Each structure stands twice: as structure tokens, then as C-alpha cells.
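In what follows, a structure is listed as C-alpha cells, so that the remarks can point back to it.
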Amino acid sequence: MALKTIIEPFKIKMVEPITMSTEAERKKFLKDAHLNTFLLDSDQVIIDMLTDSGTSAMSASQWAGIIDGDESYAGSRSWKRMEKVVKELTGMEYVLPTHQGRAAERIIYTHLGGKGKTFISNTHFDTTRANIEFSGADAIDIPIEEGKNPKQYHPFKGNMDIKQLEENILRLGAENVGAVILTITNNSGGGQPVSMENARQVGEVCKKHGVLYLQDMCRIAENAYFVHHREKAYADVDYKSIAQEMMSFADGAVMSAKKDALVNMGGFLSLRDEKIANECKNLLIITEGFTTYGGLSGRDMEAIAIGLDEVFDADYLHYRIRSTEYLGNKLHEMGIPLMLPIGGHAVYIDAKEMYPHIPVDQYPGQTLVSELYHVGGVRSVEIGSVMFGRYDDKGKLIPSPMELVRLAIPRRVYTQSHIEYVIEVFGEVQKRIKDTKGVKITYEPAFLRHFTAHFESL
Ligand code: F0G
């Protein structure tokens, strides 16, 4: 008999209070923050779904590891532990510790990039694209067609279009391709998984043309869960072996440990090629630190070593993915329009469809973000025209193709009753849809406006 209720496969040993607030208080907090949830204090938030990055709760073992951290400048015991775990997982000989994912990205893309180079990905995450473009290179995204349609079901919507990959390499010339990057799971595409078959095929094309193949592995364990449950040949293979096989196709990997290593800070770069690794180590020493700690304390490396092992626990992964799916499915049943199927770390709401009476230049996504906070103190993030919109010569908004709101779920932090609460908040927000008005921007900086822009309700 399989029982249906999802329970957390852990007990709570230490608690962090949530500051509760009333609707009237939140109205004031939101007004003072100019309707921008990035400008709220965390104490003003009840359920924080801004990001799943660096927000995980560590286990008792990880905290014990923190005490055991070896802070030696060179050859730290904690480094040896982290190096061993990473090598075993990636199968790659060279590991460079960094303070977070984008530091690893900056190092590898500074080395591989530059004017005239092009990088090809299923979808470049923002920081990946930014590091590539900052080096002077170009970045192109080629997700499969199904990945671009929020409503269409596909078991592996994070896959890369293999035909387009080959066409692009031939068009650009293999020597001009900086690298091919497979983002696993595909965050910008909705946390959608990548199949083993696709990861293998990308490897075959790269090998054939002599192009370097990198994987962004920050959610590799969550991806392994989907492979196990959706790809027939892997139904009997355990999660860690799936991840290991997937990484065996790649020449290198970039990791933000703030996701699937279950820590609050950290990252690394893994490589097979000694020459590239040595060049990258020089860059590492200039800005991150010596090769046996990079940008990390000994205790951070200890926690990463333990977290990277814990994350493959079958009960944990089952709870993690089921809980995200539960939230998504409940909202779907209530008639909230969202991206389907539900991905691994987040639920994406289609705000344009939820508020059909609010035009894109009145920012339906930002409106929903405000509503969720106002009604229930739930903090989310707009991924739409506030984040990606541009203006034409006449100052008219060129909107983003989609107006989404992301509810990212921190790992091991919230319980099922917190999830039930979020569902109830959506119910209240839904009742007010017809009377909800859009917002206008009253201040915006020239660059990355979503972080600091000010809004007013219309
Ligand atoms: N790659 C992917 C796929 C990511 O999702 C992120 C971060 C990074 C790289 C960069 O890692 O933050 O450690 O420097 N994503 C966070 C998010 C910020 O909210 O999705 P980092």
C-alpha cells in the first residue's frame, strides 16, 4: 500500500522563527518598498520563494562538519573531502573550488570566450550569458520546440535541439564555438529536466566536431529524479549513478553548490583536460584564492562534501520533487494558469493569462508578485517584462515573450503546511482577480531594473 500524504523525511532539530504580520502591516511594508519585493526586509516576509539558491537548510551532519572544518591555507583536510566527493560524482580529474556558481562561470568563460566565439546552450542562465557576453562572445539558446510552449506536455522540456546544434556548429565553424553548455535542469526554461538520451546525443555531436562540452550541474540530483521516473531504461538505476552517467559525457562542469549541494554558499568548476585546468587555476588564484580553497572556508567545503552526498538520498529527492509538484498541481486544479509539467525547483505562473485585463505595459507579473505578498506575505519574483522588457526609440515597451512569476522552493526549509498556506493565499488572490489593477514604474535604473525599480498601483 502506497500512502499518498507527502511528509518531510526529516525531523526538525533547530528552528528559525518567522515574523508574522497582518494584511494592514504588509500593505504598509509593500508601499514603503515601492511594490518591489526585492526591497523588502526578510523579516517582513512570511514564506520566501524568491529563490532556491543558497536558501537550503543544512542537516545535523553538515553542521557537525562545519565544526570539523580545516581552515588551513593549503592542502586542507576539508578540501580533500570535497575534492574526493566531487571527483567521484563528476568523474573529472581537476576540481577548482569557487565561492559560488558565477565565479566558476567567470573563470571558464573568460578562458574560453572572447570576441568571435559563440556559446550554444539549451538555455543560458542569466549569469552564464552575462559572463559569456562580458568576455565579448555571443550566446545562443536552442531549446527544443516543446520547451518554448508553457502549455505543452513533454517529459524532458529542458532538452537541447540536436538538429539545430549540429546546424549551428557547421554554420559557425567548430573552431569558433567556445563550448556547448547543457543546463541541467533548465532553470530559465522552467526548471525542466534534460533526458539522458539528450545529454548523450549532445556529447556525440560535440565529439564529432571537436567542440568542448560543459554541463551546468547545479540541479543534477533533481534532474536524476526525473530521468529515473520518466526514462524507461533508468527505472532501476539509482539517482547518483544516473547523475554520474550523465556527467560522463561532458568535458567539464560548472556547479553552484547553493542548489543541489544543500549549502548556503559555494561552487566549483570540474574539468578533464589538464591544460585548460591549469589555465583556469591561474585565473582562480588571481580572484578567488589558492587552488585548495578557492573562495571557500574549510567549513564550507566540509558542508559541500556532505551535502552532495545527502542530496541523492532517495527519500529526500522523492519528497523534494513531489512537494514542488503538489504545489503546482493544486494551483493547476484551482485554475491558476502555469507552466506544465511542473519542474524540479519552482512553479511558474503565467500572469498574462491570469490577469487578461492587465496589459503588458502595466506588468501583470509584478502585479501578481505584489498581490501574493499583500495577501499572505509570500515573496516571489517576476520573470517577465520588468526583468526582460526593453524600450524602443519612442520609449514604447518591447515586452518579454512571457509574463511569468516564479515560486522557487528552498530545500528542506518549508513543510507541507507552509505549502498548504501558499495554496490558500492563491485562493484569496484569485477571488480578487477582476478588481486587481496593474502597476506603473515610477523609478528605474539604467541596468537590471527589476532589483531596484519603484512601482505604484494604478
Ligand atoms: N546556473 C544556474 C542554472 C543557476 O540557476 C544559477 C543561479 C547559476 C548558474 C549561478 O549560480 O548564484 O551560485 O552564482 N541561480 C539562482 C536562481 C540565482 O535564483 O535561480 P550562483
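What you see is a predicted model, and the numbers here were worked out from it, not measured in a lab. Indexing begins at 1, ligand by ligand and atom by atom, following the structure's order.
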For ligand 1, which atoms have a heavy atom of [X] less than 4.0 angstrom away?
| X | answer |
| --- | --- |
| E105 | 1 (N), 9 (C) |
| C218 | 2 (C), 3 (C), 4 (C) |
| K258 | 13 (O) |
| T51 | 17 (C), 19 (O) |
| G101 | 11 (O), 13 (O), 14 (O), 21 (P) |

Nearest non-hydrogen protein atom, [atom]:
| atom | value |
| --- | --- |
| atom 20 (O) of ligand 1 | N187 ND2, 2.9 Å |
| atom 13 (O) of ligand 1 | S256 OG, 2.6 Å |
| atom 21 (P) of ligand 1 | Q100 NE2, 3.4 Å |
| atom 15 (N) of ligand 1 | K259 NZ, 3.0 Å |

Looking at residues at least two apart in the chain, or sitting in another chain, which of them share a ring pair (Phe, Tyr, Trp, His ring centres under 6.0 Å) with F125?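 Residues passing ring pair (Phe, Tyr, Trp, His ring centres under 6.0 Å) with F125: none at all.
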With V360 via side-chain contact (heavy atoms from CB on, under 4.5 Å) - residues at least two apart: K352, P399, E403
Any chance the side chains of [X] and [Y] put a donor and an acceptor closer than 3.5 Å?
| X | Y | result |
| --- | --- | --- |
| E310 | S59 | yes |
| S53 | K259 | yes |
| D141 | H124 | yes |
| H318 | Y225 | yes |

Could you tell me the separation between the NZ atom of K117 and the CZ atom of F119, rounded to the nearest 0.5 Å? 8.0 Å
Between atom CD1 of I220 and atom CG of L308, what is the distance when rounded to the nearest 0.5 Å? 10.5 Å
Is there a nitrogen or oxygen of [X] sitting under 3.5 Å from a nitrogen or oxygen of ligand 1?
| X | answer |
| --- | --- |
| R102 | yes |
| T127 | no |
| L50 | no |
| T183 | no |

Is a salt bridge present between E93 and R272, judged by a nitrogen-to-oxygen distance below 4.0 Å?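 So E93 does not pair with R272 through a salt bridge.
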Region of R406 engaging ligand 1 - heavy atom pairs below 4.0 Å: side chain
Close aromatic pair by centroid cut-off 6.0 Å: Y319 and F10: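 They qualify: ring centres under 6.0 Å apart.
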Could you name the option among D126, D216, T128 that has the heavy atom nearest to atom 1 (N) of ligand 1? D216
